[in-house]
Colleague: 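Sharing a structure with you now.
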Amino acid sequence: MTGIAYARDYEVVQRLRPEPMTEAEAAAQAHIDPVEFDIFKHKMHMIALEGKETTMKLGASTAMRWGDVAFGVFTRQGDLSVCATGIYHHAVLGQLPLKYAVKHWVDEPSVGVRDGDSFFYNDPFYGGVHNADMGLAVPVFYKGELMCFIAAAVHTGEAGGTEPGGTCNTAKTKYDEGLLVPPIKIGENYQLREDILNMLAAMTRDPRTMILDIKARLAAARIAQRRVLEVIEEKGPEFFIGGLRRILTQTGEAAKRRVAELNDGIYRQPRFLDTVGTESGLTKINLTMIKQGDRIIMDFENTSPLVEGRPINSFFQGILGLSCVYYCGWLFHDLPANNGLLEAIDWRFPEDCMVNAKGDASTSLAPLVQTCFTQGIFLTGARMTYSYDSSRAVAAWFSGFAIPTFGGINQFGEGIADITPEINATGCGARPDMDGVEAAGAFFATMSDCSDVEATESDRPFLYTFRNLFNNSYGHGKQRGGCGVGFGLMVHDTNRFMLGSMGGGSRFPTTLGLFGGYAVPPVFVQTVHDSNLKALMADGATPLPHDLSGVFAADNPEIGKKQAMDVSMVVQPFNDGDTYYVGVGGGGGYGDPLERDPASVLGDLRNGRVSHWAAANIYKIAYDLETMRLDADGTDALRKAARTERLARAKPYGAFVKGWSKLSPPEEALRYYGSWPNPRDGMQPVVQLRAA
């Protein structure tokens, strides 16, 4: 094994950009006809799409079935060239395990990389997110020569950590997180090794899902392998190898041209998290986007230090992976999703910081850290791109998570552990010319789905008491964000079950508005143990809550041991009949709410999307409560008065800063923050991990 044996490879994770062009790739470029190349690109994308859809159809975990999937074709050096995805961050991170395998296993006689092999991996140091994100890759050979790799990366619901469901709010180090597997060969000669599958199954609470997900990845990869070999047979190996490289080259060149068209400048956005997993605590992710020429530099100076003993850390490579959610979906939306995009991006991370984890630090809640950062890149990106294309400058989707995690024995006596799929039904951020879409998806997996409730209920011990739009869950504005969903779960036919939640934003909004738009309200969980709801349902005589508003209404007939919980909720026992309620947030608002068309406010009032309180106090409209007819003159007067009151509160910027600088959060909230207000005062300077 090359490099430092039996330890993390810090060199390979730096290689996020495309590897240097080989002599064979360079020689092939002169023989690639442009028309034939366009046909090739389309064929390869169709192959990847088939692989993605096959993965989803065959898998068992919540995320695999409903679109948390990235399927790709990689060069033989490990670079991602072609990607079909419901989740963009794997589009960049999937290459690191393959580059590790190329570096360490190709020439290692005890391992090797051969036709018919398959490799599994889930160590977040290489995958970049957390260990519930697992991948499988196969090499493709043609006449004895390695042509490429094909791989599928998917979130599997259980990783065998100290808590079920793939995330561990209580994790103190990586040893609490369960499986941490660097790239390992689990199949040879087109067969999976049953001894290794047996080992992986024994390490998780839900062995059925674990193994079915592995086999789904492999089956999809083998189908794609056959399709790729057909292309190679038709076009020849030289064309194929050169074509994959040309896709990367063209992507990188196009990305730099796009960036060069943006205005140079410095765009800053501090972001804050309100939880460290098991307790409240303020931390800061400080993003500065520097646009110079054809490059964007992401600088994280003055981000909170590494949080020892808590899972609220991320590896830097995961941060860069989540940045590609914005780059692939918004800034470079019309370019291929591959790591060629990073030719236009540089990055700077402090050495000791929560977004540059080191040592044995836990990263179980890295998805929350990374989505918090991504909220910042949406906001800086919108300001950076507004003058170039205002239609792409949009408010952020909900980015705080509100994911029920669970594990235990289901209604059939089987062991299960996973998450529910409602994170794939968050609200879309407001846009310059229209409101955000209701229950649009997850910002990191915009092509994913939240499942039919019947599909979830079929093998989970849940009865959905309701699932519908969570009204008022968005940020207000000239254009409002889309609603997320709210839902209730009742556990049935088991007394051996655990439920928790992963997320943030119960005290400090995770999703801010844009250009004067409002933030998304805080989210939380309500639990009811020893609930009477099951008896009420059996009786059928009493009207029951059919949405979250009804759950929190004074006349809700459900009684029991009610408790409001932080959305970052450690798992706890749930018995037959206990209930669990949570709302997934909506999108951020765009623009000043006083500029919203009163007709739109009245429309939201009629369909229940907005409250009368918000109509009167935020949008400042006057109307008849019975007829819902607008009082135009009264509305003009209310809005004029509101603007006058704003001006009366205004003060010169210098005076504002002088007063603001004297303020500080409570000392107990800053336990993990670092120095206030600049977390890294007195600490080491920035280290640029990859030079421009």
Side-chain angles (χ1 to χ4, degrees), residues 15 17-29 31-32 36-37 39-52 54-55 70-85 90-103 105-107 112-121 135-153 183 185 187 190 217-251 336-340:
R15 291 157 52 182
R17 291 193 184 91
E19 298 294 304
M21 184 181 293
T22 65
E23 291 183 6
E25 290 171 335
Q29 300 307 308
H31 306 290
I32 298 177
E36 290 297 319
F37 175 66
I39 296 172
F40 169 78
K41 282 194 301 181
H42 179 73
K43 282 185 176 180
M44 296 305 298
H45 188 57
M46 291 300 102
I47 291 170
L49 280 173
E50 182 184 20
K52 175 203 164 194
T54 304
T55 306
F71 192 95
V73 180
F74 300 73
T75 71
R76 56 186 178 182
Q77 296 168 279
D79 289 310
L80 176 64
S81 184
V82 180
C83 184
T85 178
H90 291 309
V92 170
L93 298 173
Q95 65 192 342
L96 293 179
L98 297 180
K99 291 184 177 182
Y100 179 98
V102 169
K103 177 178 178 179
W105 300 144
V106 167
D107 297 320
V113 175
R114 304 177 184 91
D115 193 17
D117 287 350
S118 52
F119 292 84
F120 173 85
Y121 40 86
L136 184 138
V138 302
V140 178
F141 284 82
Y142 179 74
K143 296 183 178 180
E145 182 181 2
L146 178 62
M147 293 283 104
C148 66
F149 290 90
I150 295 170
K185 186 186 290 189
Y190 291 92
R217 295 181 186 95
L218 179 58
R222 291 302 181 203
I223 291 172
Q225 178 184 16
R226 291 199 295 271
R227 303 282 189 260
V228 164
L229 287 173
E230 291 170 0
V231 173
I232 296 173
E233 189 68 38
E234 176 188 356
K235 308 302 296 183
E238 182 183 43
F239 184 100
F240 180 83
I241 291 170
L244 291 185
R245 167 56 63 175
R246 181 169 291 191
I247 293 173
L248 285 166
T249 302
Q250 288 188 350
T251 301
N338 61 51
N339 61 315

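The residues of the chain are indexed from 1 along the displayed sequence.
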Colleague: Applying side-chain contact (heavy atoms from CB on, under 4.5 Å), can you list everything that pairs with Ala153, at least two apart in sequence or on another chain?
Modeller: His90

Colleague: Taking salt bridge (Lys or Arg N to Asp or Glu O under 4.0 Å) as the cut-off, I'd like each qualifying pair that reaches into residues 112-121, sequence neighbours left out, listed once.
Modeller: Asp117-Lys185

Colleague: Please name the pair of heavy atoms, one in Gly72 and one in Leu80, separated by the smallest distance, quoted to 0.1 Å.
Modeller: CA-CD1, 3.8 Å

Colleague: Please give me the minimum heavy-atom distance between Pro18 and Gly340, naming the atom from each residue.
Modeller: CG-CA, 3.8 Å

Colleague: Between Gly51 and Ala220, what is the shortest heavy-atom contact and its length?
Modeller: O-CB, 3.4 Å

Colleague: Identify, with sequence neighbours excluded, every residue that meets salt bridge (charged side-chain N to carboxylate O under 4.0 Å, His left out) alongside Glu19.
Modeller: Arg15, Lys99

Colleague: Can you name the residues that form a side-chain hydrogen bond (donor to acceptor under 3.5 Å, both in side chains) with Ser81, not counting sequence neighbours?
Modeller: none

Colleague: At what distance, to the nearest 0.5 angstrom, does CZ of Arg217 lie from OG of Ser118?
Modeller: 12.0 Å

Colleague: Once side-chain hydrogen bond (donor to acceptor under 3.5 Å, both in side chains) is applied, do any residues pair with Gln29, and if so which ones, sequence neighbours excluded?
Modeller: Arg246

Colleague: Can you list the residues that meet the salt bridge (charged side-chain N to carboxylate O under 4.0 Å, His left out) rule with Glu234, with sequence neighbours excluded?
Modeller: Lys43

Colleague: Does Val231 reach the side chain of Ile47, with side-chain heavy atoms less than 4.5 Å apart?
Modeller: yes

Colleague: Under the rule for salt bridge (charged side-chain N to carboxylate O under 4.0 Å, His left out), what residues qualify as partners of Lys52, not counting sequence neighbours?
Modeller: none

Colleague: What donor-acceptor contacts under 3.5 angstrom involve side-chain atoms of residues 135-150, with partners at least two apart or in another chain?
Modeller:
| unit_1 | atom_1 | unit_2 | atom_2 | d |
| --- | --- | --- | --- | --- |
| Tyr142 | OH | Glu233 | OE1 | 3.0 |
| Glu145 | OE2 | Arg76 | NH1 | 2.6 |

Colleague: For the residue pair Ile32 and Gly242, what are the closest heavy atoms and their distance?
Modeller: CD1-C, 3.5 Å

Colleague: Evaluate the side chain to side chain contact (heavy atoms under 4.5 Å, CB included) criterion for residues Asp79 and Arg17: first the C-alpha distance (whole Å), next the side-chain angles of each, then the deciding distance (0.1 Å), finally the verdict.
Modeller: CA-CA 8 Å; Asp79 289 310; Arg17 291 193 184 91; over 6 Å; no

Colleague: With sequence neighbours excluded, what pairs up with Gln250 under the side-chain hydrogen bond (donor to acceptor under 3.5 Å, both in side chains) test?
Modeller: none

Colleague: Name all residues meeting the ring pair (Phe, Tyr, Trp, His ring centres under 6.0 Å) criterion together with Phe239; count only those two or more places apart in sequence or in a different chain, and write none if there are none.
Modeller: Phe40

Colleague: Please step through side chain to side chain contact (heavy atoms under 4.5 Å, CB included) for the pair Tyr121 and Leu96, ending with a clear verdict.
Modeller: CA-CA 10 Å; Tyr121 40 86; Leu96 293 179; over 6 Å; no

Colleague: For Lys235, what residues pass the side-chain hydrogen bond (donor to acceptor under 3.5 Å, both in side chains) criterion, not counting sequence neighbours?
Modeller: Glu36

Colleague: Go through the steps to decide whether His45 and Lys41 satisfy the test side chain to side chain contact (heavy atoms under 4.5 Å, CB included), and finish with yes or no.
Modeller: CA-CA 6 Å; His45 188 57; Lys41 282 194 301 181; over 6 Å; no

Colleague: Where is the tightest heavy-atom contact between Pro183 and Pro97, given as atom of each residue plus distance?
Modeller: CG-O, 3.4 Å

Colleague: Looking at Val82, Asn339, Leu98, which hits side chain to side chain contact (heavy atoms under 4.5 Å, CB included) with Phe74?
Modeller: Leu98

Colleague: If you compare all heavy atoms of Phe71 against all heavy atoms of Ala152, which two are closest, and at what distance to 0.1 Å?
Modeller: CD1-CB, 3.7 Å

Colleague: Arg227: what forms a salt bridge (charged side-chain N to carboxylate O under 4.0 Å, His left out) with it, not counting sequence neighbours?
Modeller: Glu50

